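For reference, the structure discussed in these notes is given below.
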Amino acid sequence: MRKALLATALLSSLASAEPTIIPLPKEMKEGQGSFPVSPETGIRYDAALDGITKLFAADLKERTGQEPKTVREELRIMLPSEIRLDLDNSLDLKPGGYKLEVTPKGVTVIGKDVAGAWYGTRSILQMLPAKGTDAWTDKAGAPVPVVSITDEPRFVWRGMHLDVGRHFFPAEDIKKFIDWLAFHKLNTFHWHLSEDQGWRIEIKKYPKLTEVGAFRDSSPPYGNRNSDDGKRYGGFYTQEQIKDIVAYAAARQITIVPEIDMPGHMAAAIAAYPEFGNSDIPGYAPKVIGRWGVHPYTLAPTEETFRFVDDVLTELCALFPSQYIHIGGDEAPKDQWEKSPRVKELMKKEGLKDGHDVQSYFIKRVEKMLEKKGRKLVGWDEIREGGLSPNATVMSWRGEGGGIASAKEGHDVVMASNSHLYFDHYQGVAKDELAKGEQFEAIGGFLPISKVYSYDPVPKALSPAEAKHVLGVQAQLWTEYMKDWYKVEYMAFPRVAALSEVAWTPVERKDYAGFRGRLDGILKHYDAAGVKHGDPLDPPKRETKDGSTITTSLGAYQDHWPEFAYDGKPGTFFWADRALKADDHVTLKFRAAVSGKAKVVTGGPASQNGDKLAGGVLEASSDGSQWTQVAEFKDGSAEGALPAGTTGLRIRVTKPQENWLIIHEITVE
Ligand code: ACM
């Protein structure tokens, strides 16, 4: 009997979920039992960890209701229950690495450096039960599971971006955001501080940047992006607020990389100081923009403007100690430069042949300014246009191409691809999101958390030596469709959790099912703290809607499985992984004989509209060997009647094509 009980206990402990911890550590060995954290639990700490000890003590107080006692390591004061925070820079770990031992008797964190010790405290907080849950009322204390962890980050740049130009968020919200980034061991907050629709940072030398540039007359309302609400909108951060936030982030081991986007996305600044725009073109009338999208106002590449840029960067560098300064560089239309006599003159003088050359000239000038200030330039991948400045770091957002090319040329890159890392895209099926209310509108796209999780920041196209230039990974939050803070949280979380595992965990340790299990515990932490997170949408199952089977001569691109062509779901589709040859096929074997009208639609949403079937036929069979044509594809679609007793439906390519193939859905009715 005892034996049986023991076996059951052992089994249930083996089956128990992994501790709640995201990102998953590099090495983690689970044991038996737990260490109870109670109001008696104190912290013994290395003097160099004074700052993070105070923060960790505040975190524990928030949960236990009592300020924990903290004692310096060298003092011989006994604590009845102890968490020890220590440092050992001889640990054979990368910067940010740490060891964490939890036994029933105590907890020890040893950081390779201060950041490492901080990450150790984040792991403890995550493994504790969520604040306010029953475990906290247990007299013995709240349990941290016994575990032995050796951990270090995969990448040095683990970034999250936030656009405060389209919508402005108060300093307190920014701090909350930083807390939750830190909770997942992210270390870079990319703060997008200027936009066509608003300039958000006080610059003492140019007060009109905020007096004029921080306010717009109107914005599009939710649900109708092509209209105007006619309401004045704006806000900005004072330099005092910025300093406070920078220090707040630094204490939490987060570097803030500020972005002033130039030479495009500058309409608000140009509205404030029209002399820095292309004022010599016909119809010049800059204003702070009240619609989304890309706008033509760009800075003029004049000496006067470069002095302005230099002045702004001087104040920026005084506020932000970050080694990297982001100068944007994206989506700068060349129209105004092409019309400007001044720019034409400059092009002649400098031998610039087109707008791309002007952009490159502009960015190179800015890089020199930053180098004089001892900083490094990072910009969106358009800074490649016309030639990259010598020491620039490239943030690859238009897919991976800019990142791959730059890394091959020896430039450092941060992967920020809009395919997997744009958190302004829908996390659920658009129509389900919109059913919750028009305030759930997103810019578009479909980025379920599983897709974020699937991302590998090191593109296969890079050799190991080239891959060393990948500093890391970053997700973006563009806020056109995020007027209020709850919406930012809704779009950011829990996808930030997936991002953190992409950025931190060794690729061979990644496991979506395990992540999903651990995420449930993380969601409880969010809920306890009132974070208005979205719902994680699990990846669609690789199955047809009724057990019919699909075979094909084609491979599947990423996880766009053939079964998705017949799963009845609007958000999924089959995507072949190559150009088509004659007689390539996709063949559906029905679970039971069918008859009626069959319809096949190929070609995807706008971003994939090339991948239609140009030449092909739809064929039916009742025995799987004799096939009869029932329709021919026209403009990517085919529709035909299936005779009674049809057991198979085949899409057969009749004309080779360069484009790949998307089959959105096969229907029979
Ligand atoms: C960007 O999304 N324009 C960087």
Side-chain angles (χ1 to χ4, degrees), residues 157 159-167 188-200 220 225 257-269 289 291-299 324-335 355-356 359-360 362-363 366 377-386 388-389 392-406 411-427 442-447 451-452 455 457 471-482 488 491-492 495 499 606-607:
W157 190 302
M160 186 69 224
H161 152 287
L162 180 69
D163 162 20
V164 294
R166 273 54 176 267
H167 284 107
T188 305
F189 172 47
H190 171 170
W191 203 1
H192 183 82
L193 286 163
S194 69
E195 258 306 335
D196 293 315
Q197 295 84 0
W199 181 281
R200 304 288 176 223
R225 56 185 70 188
V257 175
E259 178 184 352
I260 299 295
D261 202 343
M262 62 184 90
H265 288 282
M266 261 288 173
I289 306 285
R291 288 281 182 95
W292 314 138
V294 175
H295 299 276
Y297 279 86
T298 49
L299 291 175
Y324 291 94
I325 301 290
H326 203 300
I327 54 76
D330 60 319
E331 299 176 323
K334 314 297 182 285
D335 325 28
H356 285 169
Q359 156 109 350
S360 176
F362 194 104
I363 303 292
V366 177
L377 177 147
V378 54
W380 301 109
D381 55 70
E382 289 95 328
I383 64 171
R384 295 180 52 73
E385 290 172 356
L388 203 45
S389 7
T393 295
V394 173
M395 195 168 266
S396 188
W397 74 277
R398 294 176 301 173
E400 297 191 313
I404 292 170
S406 304
H411 287 266
D412 286 347
V413 301
V414 175
M415 302 309 281
S417 175
N418 56 4
S419 61
H420 291 74
L421 299 163
Y422 266 43
F423 290 0
D424 57 340
H425 293 181
Y426 284 107
Q427 62 197 307
I443 193 166
F446 179 51
L447 181 63
K451 185 166 180 187
V452 179
Y455 190 64
L471 299 180
V473 58
Q474 181 177 290
Q476 280 50 246
L477 271 173
W478 300 103
T479 58
E480 287 94 331
Y481 301 91
M482 300 171 211
V488 172
M491 299 304 277
R495 287 185 286 193
L499 167 71
S607 58

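The model shown is predicted, which means the values in this text are computed figures rather than measured ones. In listed order, ligands and their atoms are each counted from 1.
Listed by chain and residue number, nothing satisfies the ring-ring contact (aromatic ring centres under 6.0 Å, His included) test with Phe446 (two or more places apart in sequence, or in another chain). Residues forming a ring-ring contact (aromatic ring centres under 6.0 Å, His included) with Phe362 (at least two apart in sequence, or on another chain): Phe306.
Protein residues lining ligand 1, listed by chain and number: Asp330, Glu331, Trp380, Trp397, Tyr422, Trp478 [non-hydrogen atoms, distance under 4.0 Å].
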Pairs under 3.5 angstrom only: tabulate donor-acceptor contacts from the side chains of residues 326-333 to other protein residues two or more places apart or in another chain.
residue: His326; atom: ND1; partner: Gly328; partner atom: N; Å: 3.0
residue: Asp330; atom: OD2; partner: His265; partner atom: NE2; Å: 3.3
residue: Glu331; atom: OE1; partner: His265; partner atom: NE2; Å: 2.8

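Classified by interplanar angle (parallel below 30°, tilted 30° to 60°, perpendicular above 60°), the ring pair His420/Tyr455 is tilted.
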| task | Before giving the answer on side-chain hydrogen bond (donor to acceptor under 3.5 Å, both in side chains), spell out for Glu195 and Trp478 the whole-Å C-alpha distance, their side-chain angles and the decisive distance to 0.1 Å. | result | CA-CA 11 Å; Glu195 258 306 335; Trp478 300 103; over 6 Å; no
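Between Glu480 and Gln197, the closest side-chain pair of non-hydrogen atoms is not below 4.5 Å.
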